[in-house]
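Presented below is the structure to which this report refers.
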Amino acid sequence: QVQLVESGGGLVQPGGSLTLSCATSDFIMSYYAVGWFRQAPGKEREVISCITSNDNIWNVDSVKGRFTISRDHAKNTVDLQMNSLQSEDTGVYYCGAEFGGVGCSSDDVEVWGKGTEVTVSS
């Protein structure tokens, strides 16, 4: 079964940093749009950052200037560097991929990971 695997979550204090990684051994991620989605407690899952198959990048306003999405072609991963973390960033982070995708909609995601939990708390 084709799958993505997220890693890098954990407990961090406000103002701290984490780097999440989305990996797969099933396909070459460069050909896919890959998004990072967050599901905060009691809320619906929302896209927060994505990189399209032609490497356009989109970020939700709340993470602009703090989160950076990037591809690591050598490792076949898409990483999310998260700085200046706030309590509002707490949630389960999922990555999702769409072959040849040029957008960031969860409706178009073909492959999902199972998520990694991020808790921002003092």
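The figures here come from the full heavy-atom set of this structure, side chains too, leaving out hydrogens, waters and symmetry mates.
Note: Phe99 and Tyr32 have perpendicular aromatic rings, judged against thresholds of 30 and 60 degrees for the angle between ring planes.
Of all heavy-atom pairs spanning Asn59 and Ser49, the tightest one is OD1-OG, 2.6 Å. Of all heavy-atom pairs between Trp36 and Leu20, the closest is CH2-CB, 3.6 Å. Minimum heavy-atom separation, Leu85 to Arg66: CA-NH1, 3.9 Å. Looking at every heavy atom in both residues, Val78 comes nearest to Ile69 through CG1-CG1, 3.7 Å. Ser53 and Val102 get closest at one heavy-atom pair: OG-CG1, 4.3 Å. Contact between Gly35 and Cys50 at its shortest, heavy atoms only, is CA-CB, 3.6 Å.
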Can Arg38 and Glu46 be said to form a salt bridge (charged side-chain N to carboxylate O under 4.0 Å, His left out), step by step? CA-CA 5 Å; Arg38 177 173 66 204; Glu46 61 171 346; 3.5 Å; yes

Kindly determine whether Asn83 and Phe67 satisfy side chain to side chain contact (heavy atoms under 4.5 Å, CB included), including the steps that lead there. CA-CA 6 Å; Asn83 298 325; Phe67 292 10; over 6 Å; no

Check the pair Asp26, Gln3 against side chain to side chain contact (heavy atoms under 4.5 Å, CB included), reporting the backbone distance first and the verdict last. CA-CA 7 Å; Asp26 295 322; Gln3 65 177 359; 4.1 Å; yes

Given side chain to side chain donor-acceptor pair (under 3.5 Å), test Thr19 with Gln81 step by step and report yes or no. CA-CA 4 Å; Thr19 299; Gln81 173 67 45; 2.4 Å; yes

Side chain to side chain contact (heavy atoms under 4.5 Å, CB included) between Val12 and Ser17: does it pass, once the steps are laid out? CA-CA 7 Å; Val12 63; Ser17 299; over 6 Å; no

Full working for side chain to side chain contact (heavy atoms under 4.5 Å, CB included) between Cys22 and Thr77: CA-CA 5 Å; Cys22 175; Thr77 63; 5.9 Å; no

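Relative to the six-membered ring of Tyr94, Arg45 meets both conditions, a distance below 6.0 Å and an angle of at most 45° to the axis.
Judged purely by atom type and a 3.5 angstrom limit, Asp79 has no side-chain atom pairing as donor or acceptor with the backbone of Ser70. Judged purely by atom type and a 3.5 angstrom limit, Thr90 uses its side chain to pair as donor or acceptor with the backbone of Val120. For the pair Asn76 (side chain) and His73 (backbone), a donor-acceptor distance under 3.5 Å is absent. At least one donor-acceptor pair under 3.5 Å links the side chain of Thr116 to the backbone N or O of Gly9. Ser84 contributes no side-chain N or O that, together with a main-chain N or O of Gly15, makes up a donor-acceptor pair within less than 3.5 Å.
Leu11 and Val118 are not part of a single hydrophobic cluster, where members link through side-chain heavy atoms under 4.5 Å apart. Residues Ile28 and Val5 do not share a hydrophobic cluster, defined by chaining ILVMFWY side chains whose heavy atoms lie under 4.5 Å apart.
With a 4.5 Å cut-off on side-chain heavy atoms, Glu98 and Val109 do not count as touching. Residues Met82 and Asp89 have side chains not in contact (no heavy-atom distance under 4.5 Å, counting atoms from C-beta outward). Thr52 is not listed as a side-chain neighbour of Trp58, based on a closest heavy-atom distance of 4.5 Å or more. Looking at Ser106 and Phe37, their side chains come closer than 4.5 Å, going by heavy atoms from C-beta outward.
Partner of Met29 under the side chain to side chain contact (heavy atoms under 4.5 Å, CB included) criterion, out of Asp72, Thr24, Ile51: Thr24 alone.
Atom NZ in Lys64 sits 13.5 Å away from atom CD1 in Ile48 (nearest 0.5 Å). For the atom pair CD of Gln13 and OG of Ser122, the computed distance is 7.0 Å after rounding to the nearest 0.5 Å.
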